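For reference, the structure is listed below as structure tokens.
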Amino acid sequence: MSNKSAGLAGVVAGQSAIATVGTGQGLNYRGYSIDDLAMHASFEEVAYLLIYNKLPTRAELTAYIAKLVSLRTLPSELKSVLRLIPPTTHPMDILRTGCSMLGTLEPELDFTQQFAIADRLLAILPGMLCYWYLYNFADKEISGLSDEATIAGHFLALLHSRKPDKLQRDMLDVSLILYAEHEFNASTFAARVTAATLSDFYSAITSAIGTLRGPLHGGANEAAMELIAACITPDDAEREVMQRLAMKNKIMGFGHRVYKTCDPRSNIIKAWSKKLGVAQSAESLYTISERIEAVMWREKKLFPNLDFYSASAYHYCGIPTALFTPIFVMSRVTGWAAHVIEQRADNRLIRPDAEYIGPDPRKYVAIDNR
Ligand code: ACO
């Protein structure tokens, strides 16, 4: 009983050298602060840092970007499967299915392929997502390739079939950095549990995608957008939040399991949301979001997590709400990959105990006597 904890809160479930989260050191990826990375690095630099465990030199980064660009091709069998998935499907299920399908086409035969598979997934996910989305909602069959070197630019170019706006591309790049890694969160832990059985890389990432999908985790950014979009003025927003709180509903995009007073990523994405709102002379979404933040603090002492201001920032980029959580996947695949690699390097099966609360042992009753 003594070490039992609902939802494993506060339980140290293993060692990791990848990130610090809320330990008094702030959020760091491999020792580098999230503020420095968001301010100075590109997402590809951060991906390299997480997967290859060092900051790349300029030459290494140039080569890495070129390599990722060369890995974007969608296999024709994958496209056939994507075309079969109904338009009513949630886009997270596209990535879950697409990742699993890729694992049948390009299987991991031994663990020496793990870095190559991590890079392949990172490179292909935006094309996979946009291929299915545009096939169903724009009546267009795209190649999945673009002239954009960065993943942020590539995604926006595919989605909108034009060269991306610089401010939007820069915001998305920062957002991918912020979402890339966060220690033993639910989806990463799912990936590690799968990896710890010595299963293959794709199975670990597929488990993680399925875990990220829920509204208590990655799905919160979509739910936050639905709330913001339902309000026309800040006063509307205040009324709506008060009503939801009175009904004991959760407001998605607020609170955090580890952080207790603020999410260090939130102010960074909040500033980008404001910048985009001002640039587009469309600040109402931002001011509505700010009011929701103020009400949540006043009423519950709850603060926005990364998902909350990501919602308005993505909306300002013309990204459909249903694609918000898949963007999280496009980024977090780097953190998941780092954790799978780390788990495999010093593996032990992850298998906790349960506290039994069922009936005492009893006699089996034959079926005709029940
Ligand atoms: N809105 C309203 N009340 C909340 C919220 C919220 N967003 N978050 C927590 N609370 C309240 C709970 O109702 C509970 O109140 P009670 O003690 O009166 O019952 C108390 O705060 C503790 O909440 P728990 O859900 O038990 O806290 P836990 O640590 O298990 O959950 C979580 C953390 C899941 C993030 C929670 O804050 C939540 O559900 N937030 C909304 C979903 C969300 O934004 N998820 C994104 C997480 S960050 C990310 O994935 C990038």
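Since this is a predicted model, take the numbers as computed values, not measurements. Heavy atoms only: backbone and side chains are in, while hydrogens, waters and symmetry mates are out. One-based numbering, in listed order, for ligands and for the atoms of each. Throughout, residue positions are numbered sequentially from 1 according to the sequence presented.
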**Request:** Could you walk me through whether Thr233 and Asp235 pass the side-chain hydrogen bond (donor to acceptor under 3.5 Å, both in side chains) test, one step at a time?
**Result:** CA-CA 5 Å; Thr233 65; Asp235 287 348; 5.3 Å; no

**Message:** To check your reading of the model: name the closest protein heavy atom to atom 30 (O) of ligand 1, its residue, and the distance in Å.
**Reply:**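 Going by distance alone, atom 30 (O) of ligand 1 is nearest to Arg257 NH2, 3.0 Å.
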
**Asked** How close does the nearest protein non-hydrogen atom get to atom 36 (C) of ligand 1, and which residue and atom is it?
**Response**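 For this ligand atom, the closest protein heavy atom is Lys250 NZ, 3.8 Å.
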
**Message:** What I want to check is whether the side chains of Tyr52 and Asp119 have a donor and an acceptor closer together than 3.5 Å.
**Reply:**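 Short answer, yes.
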
**Prompt:** Can you name the closest pair of heavy atoms from Val329 and Met92 and give their distance?
**Reply:** CG2-CE, 3.5 Å

**Shortest non-hydrogen contact between Gln168 and Tyr316, atoms and distance** =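 Heavy-atom minimum between the residues: NE2-O, 3.6 Å.
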
Establish whether [atom] and some protein heavy atom are separated by less than 4.0 angstrom.
{"atom": "atom 11 (C) of ligand 1", "result": "no"}
{"atom": "atom 1 (N) of ligand 1", "result": "yes"}
{"atom": "atom 18 (O) of ligand 1", "result": "no"}
{"atom": "atom 44 (O) of ligand 1", "result": "yes"}
{"atom": "atom 26 (O) of ligand 1", "result": "no"}
{"atom": "atom 14 (C) of ligand 1", "result": "no"}
{"atom": "atom 21 (O) of ligand 1", "result": "no"}

**Message:** Could you go through Glu222 and His90, starting from their C-alpha distance and side-chain angles, then the distance that decides it, and tell me whether this counts as side-chain hydrogen bond (donor to acceptor under 3.5 Å, both in side chains)?
**Reply:** CA-CA 11 Å; Glu222 295 177 32; His90 191 283; 2.9 Å; yes

Numbering the atoms of ligand 1 from 1, which are under 4.0 Å from a heavy atom of [X]?
{"X": "Gly253", "value": "43 (C), 44 (O)"}
{"X": "Asp307", "value": "46 (C), 49 (C), 50 (O), 51 (C)"}
{"X": "Lys300", "value": "3 (N)"}
{"X": "Met296", "value": "1 (N)"}

Can you find an N/O atom of [X] closer than 3.5 Å to an N/O atom of ligand 1?
{"X": "Ile251", "answer": "yes"}
{"X": "Phe254", "answer": "yes"}
{"X": "His217", "answer": "yes"}
{"X": "Tyr179", "answer": "no"}
{"X": "Ala220", "answer": "no"}

**Asked** Aromatic rings Tyr48 and Tyr64: how do their planes relate, parallel, tilted or perpendicular, breaks at 30° and 60°?
**Response** perpendicular

**Item:** Aromatic ring pairing Phe308/Phe254, orientation class (parallel under 30°, perpendicular over 60°, tilted between)
**Value:** tilted

For [atom], which of [options] has the closest heavy atom?
{"atom": "atom 4 (C) of ligand 1", "options": "Asn221, Leu302, Leu212", "result": "Leu302"}
{"atom": "atom 35 (C) of ligand 1", "options": "His182, Met252, His256", "result": "His256"}
{"atom": "atom 47 (C) of ligand 1", "options": "Leu8, Val241, Leu216, Leu306", "result": "Leu216"}

Tell me whether [X] contacts the main-chain N or O of [Y] through its side chain, where contact means a donor paired with an acceptor under 3.5 Å.
{"X": "Glu342", "Y": "Ala17", "value": "yes"}
{"X": "Arg169", "Y": "Leu156", "value": "no"}
{"X": "Glu181", "Y": "Glu183", "value": "yes"}

**Request:** Report the hydrophobic cluster partners of Val278, with the cluster defined as I, L, V, M, F, W, Y residues connected by side-chain heavy atoms closer than 4.5 angstrom, directly or transitively.
**Result:** none

**Prompt:** Among Tyr29, Phe189, Tyr259, whose ring pair (Phe, Tyr, Trp, His ring centres under 6.0 Å) with His182 holds?
**Reply:** Tyr259

Report yes or no: does a heavy atom of [X] sit under 4.0 Å from some atom of ligand 1?
{"X": "Ala186", "value": "no"}
{"X": "Lys248", "value": "no"}
{"X": "Gly7", "value": "no"}

**Item:** Test log, rule side-chain hydrogen bond (donor to acceptor under 3.5 Å, both in side chains), inputs Ser266 and Asn305
**Value:** CA-CA 6 Å; Ser266 176; Asn305 57 52; over 6 Å; no

**Message:** Does only the side chain of Pro215 get under 4.0 Å from ligand 1, or the backbone, or both, or neither? Count heavy atoms.
**Reply:** backbone

**Request:** Could I get the full list of side-chain hydrogen bond (donor to acceptor under 3.5 Å, both in side chains) partners for Glu60, not counting sequence neighbours?
**Result:**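 Scan of Glu60 (side-chain hydrogen bond (donor to acceptor under 3.5 Å, both in side chains), adjacent residues dropped) gives Lys54, Thr57.
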
